[in-house]
There are 2 protein chains.
Amino acid sequence: MGTSLKPTHTRSPALPPLPDPQHVDCRGVASVLARVGDKWSVFVIMMLGDGPKRFNELKRMINGISQRMLTLTLRGLERDGLVTRTIFPTIPPRVDYELTDLGRGLQQPVKALGQWAADHLQQIEAARTRFDTRNSA
Amino acid sequence: MGTSLKPTHTRSPALPPLPDPQHVDCRGVASVLARVGDKWSVFVIMMLGDGPKRFNELKRMINGISQRMLTLTLRGLERDGLVTRTIFPTIPPRVDYELTDLGRGLQQPVKALGQWAADHLQQIEAARTRFDTRNSA
DNA sequence: CCGTATCCCCATAGATACTG
DNA sequence: CAGTATCTATGGGGATACGG
């Protein structure tokens with residue numbers, strides 16, 4: 001947004017326009033990035049890429065996630081409108097989670113990032129080893 | 001939506017090949033995503049987009065970051081080979097941080113993600129409000 | 001089967017003070 | 001100017017047990 005050019009408080013000569021984390025846009029964007037950086041969210045989003053899944057189905061697919069964390073992660077994604085939660089009042093109960101259009105949209109940039117990460121993992125790990133070696137010596 | 005018309009859940013008795021977070025690739029990718037999800041890393045990477053910056057220059061640009069956090073963030077980025085640290089043994093001392101080629105490469109997918117976040121922030125915030133309203137009632 | 005509730009640990013962020 | 005050192009506190013995340 002090109003927010004109006006209000007000459008703020010005339011405090012400092014010129015405030016940086018974009019990089020202020022307190023700025024609304026930055027904070028909003030950061031909150032989305034935080035979700036991506038979330039330990040489990042990305043995995044869940046990827047799992048749901050090929051159709052709806054049930055709770056325990058997801059739990060089994062994502063090896064290592066606790067029931068609690070899966071619930072919290074799904075709630076967070078649901079809250080952000082990225083997945084839908086559908087309850088089938090059967091016995092035993094059944095709940096399906098499915099990506100929304102918004103969630104599917106997020107998949108692309110996330111995949112791009114994941115692709116980049118996979119492509120450069122070698123370089124990064126090499127850099128880490130080098131750094132650790134230099135520093136531990 | 002267009003997901004293939006899977007007749008059933010074809011419950012595979014075997015283990016899923018890709019989505020195991022314990023798998024090396026997944027963990028590696030996750031570690032990169034974690035860095036992106038880091039509260040400050042993305043800001044720093046963006047700040048360095050237009051040339052090298054000094055420590056306090058960055059600190060001033062990123063409103064709200066503490067000295068400690070900036071140091072830790074920069075160390076992490078340096079460790080991953082995303083930024084370089086150049087010391088000028090002058091008085092007073094001067095240290096320049098600059099994006100490496102690797103770091104510049106990471107900028108693109110990150111920008112794409114940031115762009116998506118900015119584009120859909122309205123939708124997400126609306127979803128959050130709706131969810132919170134429904135749930136608090 | 002699908003969650004919520006509780007307890008506990010420790011990793012991390014912030015504030016502050018000090019050094020090269 | 002550019003850090004390091006130290007302390008504290010907040011909360012993320014795992015394990016477990018119980019409820020609908």
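Side-chain atoms are counted along with the backbone in the values below, which use heavy atoms only and exclude waters and symmetry mates.
Nucleic acid contact for A:Y97: sugar-phosphate only, since backbone atoms but no base atoms lie under 4.0 Å from a heavy atom of the residue.
Between A:I65 atom CD1 and C:dC2 atom P there is a gap of 14 Å when expressed in whole angstrom units. Here the P atom of nucleotide C:dC2 and the CG atom of A:L58 are 10 Å apart, to the nearest Å. B:I87 has its CD1 atom 16 Å from the P atom of C:dG20, to the nearest Å. For the pair B:M69 CE and C:dT16 C1', the interatomic distance rounds to 14 Å; values are reported in whole Å. B:N63 has its CG atom 12 Å from the P atom of C:dG14, to the nearest Å. One can place CG of B:L72 at 15 Å from P of C:dA11, the figure rounded to the nearest angstrom.
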Please tabulate, one pair per line, all N/O donor-acceptor pairs under 3.5 Å involving side-chain atoms of residues 43-59 of chain B, not counting sequence neighbours.
from, atom 1, to, atom 2, distance (Å)
B:K53, NZ, B:D50, O, 3.3
B:K53, NZ, B:G51, O, 3.4
B:E57, OE1, B:R54, N, 2.9

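Among all heavy-atom pairs drawn from B:V36 and B:V42, the shortest one is O-CG2, 3.0 Å.
A distance-only check finds no donor-acceptor pair linking the side chain of B:T84 to the backbone of B:T100 [under 3.5 Å].
In this structure, B:R85 has no salt bridge (charged side-chain N to carboxylate O under 4.0 Å, His left out) partners at least two apart in sequence or on a different chain. For A:S66, the side chain to side chain donor-acceptor pair (under 3.5 Å) test picks out no residue, with sequence neighbours left out. Among residues two or more places apart in sequence or in another chain, the side chain to side chain donor-acceptor pair (under 3.5 Å) test is passed with B:S31 by A:R128. Residues passing the salt bridge (charged side-chain N to carboxylate O under 4.0 Å, His left out) test with B:R130: none are found, sequence neighbours excluded.
Residue pairs that meet the ring-ring contact (aromatic ring centres under 6.0 Å, His included) test with at least one member in residues 80-130 of chain A, sequence neighbours left out, are A:W116-A:H120. Residues in residues 28-39 of chain B take part in these salt bridge (Lys or Arg N to Asp or Glu O under 4.0 Å) pairs, two or more places apart or across chains: B:R35-B:D80. A salt bridge (Lys or Arg N to Asp or Glu O under 4.0 Å) check over residues 105-127 of chain A, counting only residues at least two apart or in different chains, returns nothing.
Overall, the helix from C:dC1-D:dG20 to C:dG20-D:dC1 carries an axis bend of 40° between its ends, with five pairs at each end and the value rounded to 10°.
Running 5' to 3' along DNA chain D, contacts with non-hydrogen atoms of chain B at under 4.0 Å begin and end at D:dC1 to D:dT6.
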Can you check nucleotides 4-9 of chain C for protein contacts, nitrogen or oxygen pairs under 3.5 Å, and list what you find?
from, atom 1, to, atom 2, distance (Å)
C:dT4, OP1, A:R75, NH2, 3.4

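Residues B:I124 and A:L102 form a side-chain contact, since some pair of their non-hydrogen atoms from C-beta on lies under 4.5 Å apart.
Residue order along DNA chain C, read from the 5' end via each residue's closest nucleotide, puts A:P93 first among B:D38 and A:P93.
The shortest distance between the side-chain N/O atoms of A:R54 and the OP1/OP2 oxygens of C:dC1 is not below 4.0 Å. The phosphate of C:dC2 has neither OP1 nor OP2 within less than 4.0 Å of any side-chain N or O from A:K53.
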